[in-house]
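Accompanying notes for the structure given below.
Reminder, nothing fancy here: chain letters follow the sequence lines and each chain counts from 1. Since the structure is predicted, the reported quantities are computational estimates derived from the model, not experimental observations.
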2 protein chains.
Amino acid sequence: MAARRRSQPSTTRTAILDVAERLVQSRGFNGFSYADVAAELQISTAALHYHFPGKAELGHALVDRYAQRFGEALEAIAAMGVPPPEKLRAYADLYLRVLCDERMCLCGMLAAEYQTLPDAMRNSVVSFLDHNCDWLADLLETGRSEGSLEFVGAAQEAAQMIVGALEGAMLVSRPYANTEHFEVIADRLIGELTPERSPARSR
Amino acid sequence: MAARRRSQPSTTRTAILDVAERLVQSRGFNGFSYADVAAELQISTAALHYHFPGKAELGHALVDRYAQRFGEALEAIAAMGVPPPEKLRAYADLYLRVLCDERMCLCGMLAAEYQTLPDAMRNSVVSFLDHNCDWLADLLETGRSEGSLEFVGAAQEAAQMIVGALEGAMLVSRPYANTEHFEVIADRLIGELTPERSPARSR
DNA sequence: GTCTATAACGAGATAGAC
DNA sequence: GTCTATCTCGTTATAGAC
């Protein structure tokens with residue numbers, strides 16, 4: 001029972017985070033309200049304020065939880081025991097899975113609203129992007145040294161491009177309400193990093 | 001005097017659009033209010049309602065004007081009498097100039113907030129993206145047939161990737177409050193489309 | 001065209017009972 | 001932990017005077 005209490009961070013708190021997360025990812029931090037979350041959970045907004053004193057605190061908890069989960073997903077991919085190109089594909093699939101749920105990446109959404117965010121949230125958004133870039137740069141460098149990935153210049157810069165391009169792919173895909181738009185971009189990105197065994201036509 | 005009146009769509013109306021445009025590009029459509037615009041122009045919100053009955057109408061006017069200006073910029077580039085790679089660079093520079101002003105692309109911002117937008121605005125955002133893709137696909141196809149640009153697969157798909165990647169580059173660059181992040185991505189994008197002999201980096 | 005005044009509503013937040 | 005009730009403020013919008 002003690003063990004259970006320790007691993008149970010209040011079921012309501014988690015439910016609030018889950019609903020708020022989906023709302024922010026689909027409508028933006030400035031596009032949802034405590035009332036929206038409360039209505040969906042059939043509780044009062046006062047209950048929300050018990051768990052999260054203000055919207056800023058809720059937002060901060062959201063992005064921190066998201067970043068932690070994403071970080072765990074990255075570790076899982078890193079541990080996967082497949083070659084770098086497949087890990088790169090698995091990375092892009094993380095984004096695709098979010099998009100399939102008709103959501104934008106939480107931190108991509110918050111990046112758009114960056115200038116209106118509380119300070120604490122801003123820092124967490126930048127940390128998320130940095131962490132992704134670092135992880136990717138490491139993967140890219142490993143792949144290049146093995147010969148399984150090909151790119152010019154610094155791995156950090158190639159990583160920046162991948163993160164930016166995937167976030168942008170999600171951004172422009174959602175208005176079309178399909179995932180093909182995203183997949184086309186992800187495929188091209190990965191294709192450009194993968195050595196060509198059968199050279200493409202070029203004059 | 002008649003000519004003047006014809007080419008003068010009310011100086012206040014234009015001023016409202018200018019201020020609102022900047023606010024939406026920096027804070028989002030859900031992150032600004034009539035009061036913000038009114039305060040900056042030192043007029044009342046009632047005056048705003050005279051020119052634009054509601055926020056939806058103002059938003060629609062904003063995105064339509066933006067799309068028209070962007071379209072004119074594309075025509076100007078198309079008419080430039082330089083080879084396709086330079087036109088591609090000029091295209092990326094359109095985005096860079098927006099970012100230098102600490103703004104997101106208006107339609108990129110609205111794409112993030114897409115699910116909260118009035119219908120009329122939604123359609124205009126999609127039209128903007130489509131127009132950009134079509135224009136780029138045409139440029140890419142021309143470049144490939146000339147041998148000045150290189151890419152695999154359909155021009156439409158390569159164009160989708162460029163639009164998505166540039167929008168994403170703006171998105172992730174703004175939290176870093178510099179343009180280098182964007183420029184790194186733009187340079188890589190262009191570099192990948194340019195045959196090896198001339199790396200041709202500007203700056 | 002622009003103003004003041006105000007209505008109508010929603011959002012974020014707090015107090016205090018249970 | 002959750003509720004009801006309430007408060008304050010900001011936002012959108014309208015009415016009517018000038």
Inset, instruction - Would you check if there is a donor-acceptor pair between the side chains of E72(A) and Q68(A) at a distance under 3.5 Å? - result: yes
Inset, instruction - Please assess F32(A) against K55(A) for the test side-chain contact (heavy atoms from CB on, under 4.5 Å), listing each intermediate value before the final yes or no. - result: CA-CA 10 Å; F32(A) 90 104; K55(A) 208 181 174 186; 3.5 Å; yes
Inset, instruction - Specify whether Y34(A) and H49(A) have parallel, tilted or perpendicular ring planes, treating 30° as the upper limit for parallel and 60° as the lower limit for perpendicular. - result: tilted
Inset, instruction - Decide whether D101(B) and Q25(B) meet the rule of one side-chain donor and one side-chain acceptor closer than 3.5 Å. - result: no
Inset, instruction - Give me the one residue out of L139(A), L189(A), T194(A) that meets side chain to side chain contact (heavy atoms under 4.5 Å, CB included) with L88(A). - result: L139(A)
Inset, instruction - Using chain A heavy atoms and a threshold of under 4.0 Å, write down where along DNA chain C the contacts begin and end, 5' to 3'. - result: dA11(C) to dA15(C)
Inset, instruction - Using a strict 4.0 Å threshold on nitrogen-to-oxygen distance, state whether D18(B) and R65(B) make a salt bridge. - result: yes
Legend entry - E146(A) atom CD, over 12 foreign heavy atoms within 6.0 Å: yes
N/O-N/O pairs, protein side and nucleotides 10-14 of chain D side, under 3.5 Å:
residue	atom	partner	partner atom	Å
dT12(D)	OP1	K55(B)	NZ	3.0
dT12(D)	OP2	Y34(B)	N	2.9
dA13(D)	OP2	K55(B)	N	3.1
dA13(D)	N7	H49(B)	NE2	3.3

